[in-house]
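Notes follow once the structure below has been shown.
Just so we're clear, the structure is a prediction, and the values are computed from it rather than from any experiment. Residue numbers start from 1 in every chain, and the chains themselves are labelled A, B, ... in the order their sequence lines are given, proteins ahead of strands.
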Amino acid sequence: MPELPEVETVVRDLRPLLIGRRIRRVWVGRPALRTPWKAVWTRRLVDRRIETIRRRGKWIVVELDDGQRLVVHLGMTGQLTGTPAAAPIEDHTHRIFDLDDASIQLRFRDVRRFGGLALFADEKSLAGFFVSSGLGPEPFGLDPYYWRRRLGSAKRCLKAVLLDQTVAAGVGNIYADEALFEARLHPGRIAAALSAAEAGRLRRAVETVLNRAIERRGSSIRNYVGGSGLRGEMQNEFRVYSRTGQPCPRCGAPIERLRLAGRSSHFCPACQKSCQLSAISRRPGGRQRMADS
DNA sequence: ATAGGCGCCTGCTGGC
DNA sequence: TGCCAGCAGGCGCCTA
C-alpha cells in the first residue's frame, strides 16, 4: 500500500508526537508478521528514548537513544500511528508501545499482515541490512548517469523498473503509473530502448509526482492513514491510477488498464504511445532500438 | 544473471 | 440474499 509519500507522511506526523518520548511497555499481539517478533526485542526496547524518526525508501526508521534502530514496513495495509491511549483498540492491531506520556501510544495495525517490524542493534547493522537487500538510492536528486545506466541495462518494461526497489527506493504501483503518465511514456516500453531525453523526463516525472503526493499527505484508497490517523488527499488527483475507462485529463481518450510485472497498470493510449515514432525519426542514423512494439 | 510468476493474508466489490 | 471470482498500496522465493 503505502509508497514513499505515504511513508513520508507517517514519519512527519509521528515526529512531533514521539520524539523525546520513552518506551515503557511493549505489547505484542500476533508475533508472526512478515518479520517474526523476537522476545528479546521487547526487553531491549523498554526504557529507551526515541531520538529521531526517519524514512528510507518505504521503511520507517525509529532511532533510539542507545543506538538501536526499530524499523517498520507497512506492507500493503500497515498503519503506524500515535493514538490516544484511551482510543479503542481496533481489530488487526499487532503491536502497542506504551510511552512515558501515558496519554498516547504508538500502535501498529495491519489487516493483511504483509508488513512487519524489526529491531537492529545499531546503525551499522541496519545499514548492512539495507545494503544486503540491495535497497537503491532515494528517488530525489538521482544522478542522471546512474539512472541512464540502470535503465540502459534493463530489458524489462518501464513499469517493472520503476517498481524495482534496487533501482530507486520508494516508488510503488500508484506513483509508477502516475509518473509514466507525467513523462508520457508507455508502461510497457523496454527501459533500455529509451532515449536520453526520455530517461531524463521519467527521472524528473518521478520526483514531480512524489512531491505532489507528499504535499497531499499521500493517497488513501482504503486502509492508509498517516501517523496521526488522518487520511491522505492524493487519491482525488490521480490522472490514470484506478481510472480505467475514464477520460485522460490531457486528451480525453479513455484510460486503459494492462497487466504488467504482475500488477495492473493504468495509462492513456493516446498520450503514452508504445512506439515513440517522433523520437526515432529525430535520429535517422541512430540505432533503431525499438525493443517493444 | 535476469525476469516473470506465485504465494503470502484479509476484506471488499461486482456479477450472477 | 448468498456465493464466488477477482482485485487491492508490497515483497521474497522459486523457476526458467
Side-chain angles (χ1 to χ4, degrees), chain A residues 1-10 29-36 55-60 71-80 90-94 108-118 129-130 132-136 139 149-180 187-193 206 209-210 213-214 216-227 231-238 240-245 257-266 291-292:
Chain A
M1 91 115 238
E3 308 180 26
L4 186 152
E6 289 75 31
V7 177
E8 180 64 28
T9 302
V10 169
R30 182 191 283 263
L33 305 177
R34 179 168 281 278
T35 313
R55 180 192 58 73
R56 176 76 176 89
K58 297 174 191 172
W59 294 87
I60 297 162
V71 298
V72 183
H73 198 289
L74 300 177
M76 289 276 258
T77 53
Q79 302 174 337
L80 188 68
E90 293 185 86
D91 281 354
H92 308 292
T93 299
H94 306 300
F108 177 77
R109 177 170 183 258
D110 186 359
V111 172
R112 289 174 73 180
R113 306 205 302 273
F114 290 170
L117 303 85
F129 166 72
F130 283 149
S132 68
S133 63
L135 194 66
R149 180 168 61 75
R150 291 303 301 260
L151 292 184
S153 65
K155 294 192 190 85
R156 45 191 178 153
C157 66
L158 290 177
K159 181 61 180 281
V161 172
L162 286 179
L163 292 177
D164 184 343
Q165 300 298 296
T166 74
V167 175
V171 179
N173 205 36
I174 294 177
Y175 302 113
D177 282 5
E178 294 293 314
L180 287 164
R189 287 192 62 194
I190 299 302
V206 167
V209 162
L210 293 177
I214 291 170
R216 310 291 191 277
R217 298 181 41 81
S219 307
S220 290
I221 295 168
R222 181 161 291 150
N223 299 277
Y224 168 74
V225 294
R231 288 166 58 86
E233 301 290 338
M234 186 65 188
Q235 67 280 6
N236 304 318
E237 296 180 34
F238 291 157
V240 286
Y241 183 80
S242 81
R243 294 193 62 248
T244 312
R257 181 169 162 276
L258 193 66
R259 197 145 192 99
L260 282 173
R263 318 292 299 278
S264 59
S265 304
H266 311 77
D292 60 330

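Heavy-atom minimum distance, Leu74(A) versus Asp110(A): O-OD2, 4.1 Å.
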Per-nucleotide pairing state of DNA chain B [Watson-Crick or G-U, under 3.5 Å; [ ] pseudoknot-crossing; | other strand]: .|||||||.|||||||
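Note: CG (Leu210(A)) to C1' (dG9(C)) measures 13 Å, nearest angstrom. Atom C1' of nucleotide dG4(B) and atom CD1 of Ile190(A) are separated by 12 Å, given to the nearest angstrom. Put simply, CG on Leu4(A) is 14 Å from C1' on dG10(C), counting in whole angstrom units. As rounded to whole Å, 10 Å separates atom C1' of dA3(B) from atom CG of Asp164(A). Computed from coordinates, the Glu8(A) CD to dG9(C) C1' distance equals 17 Å when rounded to whole Å. When the P atom of dC7(C) is taken as reference, atom CD1 of Ile174(A) falls 17 Å away, rounded to whole Å. For the pair Glu3(A) CD and dA8(C) P, the interatomic distance rounds to 13 Å; values are reported in whole Å. Distance, Arg259(A) CZ to dC7(C) P: 6 Å, rounded to whole Å.
Identified under the salt bridge (charged side-chain N to carboxylate O under 4.0 Å, His left out) test for residues 162-176 of chain A, with sequence neighbours left out: Arg156(A)-Asp164(A).
Considering CD of Glu178(A) and CD of Glu237(A), their distance stands at 10.0 Å, rounded to 0.5 Å. Taking CG from Leu162(A) and CG from Leu180(A), the interatomic distance works out to 5.0 Å, rounded to the nearest 0.5 Å. Atom CG of Leu260(A) and atom CG of Leu158(A) lie 9.5 Å apart (nearest 0.5 Å).
Across all strands shown, Phe238(A) has no heavy atoms under 4.0 Å from either base or sugar-phosphate atoms. Contact annotation for Ser264(A): backbone-only contact, meaning every heavy-atom pair under 4.0 Å involves sugar-phosphate atoms and none involves a base.
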Intermediate values then yes/no, side chain to side chain donor-acceptor pair (under 3.5 Å), Ser219(A) and Tyr241(A): CA-CA 11 Å; Ser219(A) 307; Tyr241(A) 183 80; over 6 Å; no
Side chain to side chain donor-acceptor pair (under 3.5 Å) between Thr9(A) and Arg216(A), worked out: CA-CA 9 Å; Thr9(A) 302; Arg216(A) 310 291 191 277; over 6 Å; no
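Rounded to whole Å, the P atom of dC11(C) lies 23 Å from the corresponding atom of dA1(B). For dC9(B) and dC14(C), the P atoms lie 15 Å apart once the distance is rounded to whole Å.
The shortest distance between the side-chain N/O atoms of Arg257(A) and the OP1/OP2 oxygens of dG6(C) is not below 4.0 Å. Neither OP1 nor OP2 of dA8(C) sits under 4.0 Å from any side-chain N or O of Tyr224(A).
You'll find that the side chain of Phe114(A) is closest to dC8(B), out of dC8(B), dA8(C), dG4(B).
Ionic pairing of Arg217(A) and Glu233(A) is not present here: no N-O contact between side-chain nitrogen and carboxylate oxygen is shorter than 4.0 angstrom. Between Lys159(A) and Asp177(A), at least one side-chain nitrogen of the basic residue sits less than 4.0 Å from a carboxylate oxygen of the acidic one, meeting the salt-bridge criterion.
Partners of Phe114(A) under the ring pair (Phe, Tyr, Trp, His ring centres under 6.0 Å) rule, at least two apart in sequence or in another chain, do not exist in this structure. Lys58(A) is linked by a salt bridge (Lys or Arg N to Asp or Glu O under 4.0 Å) to nothing, counting only residues two or more places apart in sequence or in another chain.
A tilted orientation is assigned to the rings of Phe108(A) and His94(A), their planes being inclined by 30° to 60°.
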Letter per nucleotide, 5' to 3', of nucleotides 11-16 of chain C [B base touched, S only sugar-phosphate touched, - untouched; heavy atoms, 4.0 Å]: BS----
Table of protein N/O atoms under 3.5 Å from nucleotides 10-12 of chain B N/O atoms:
from    : atom 1 : to        : atom 2 : distance (Å)
dT10(B) : OP1    : Arg113(A) : NH1    : 3.1
dG11(B) : OP1    : His92(A)  : NE2    : 2.9

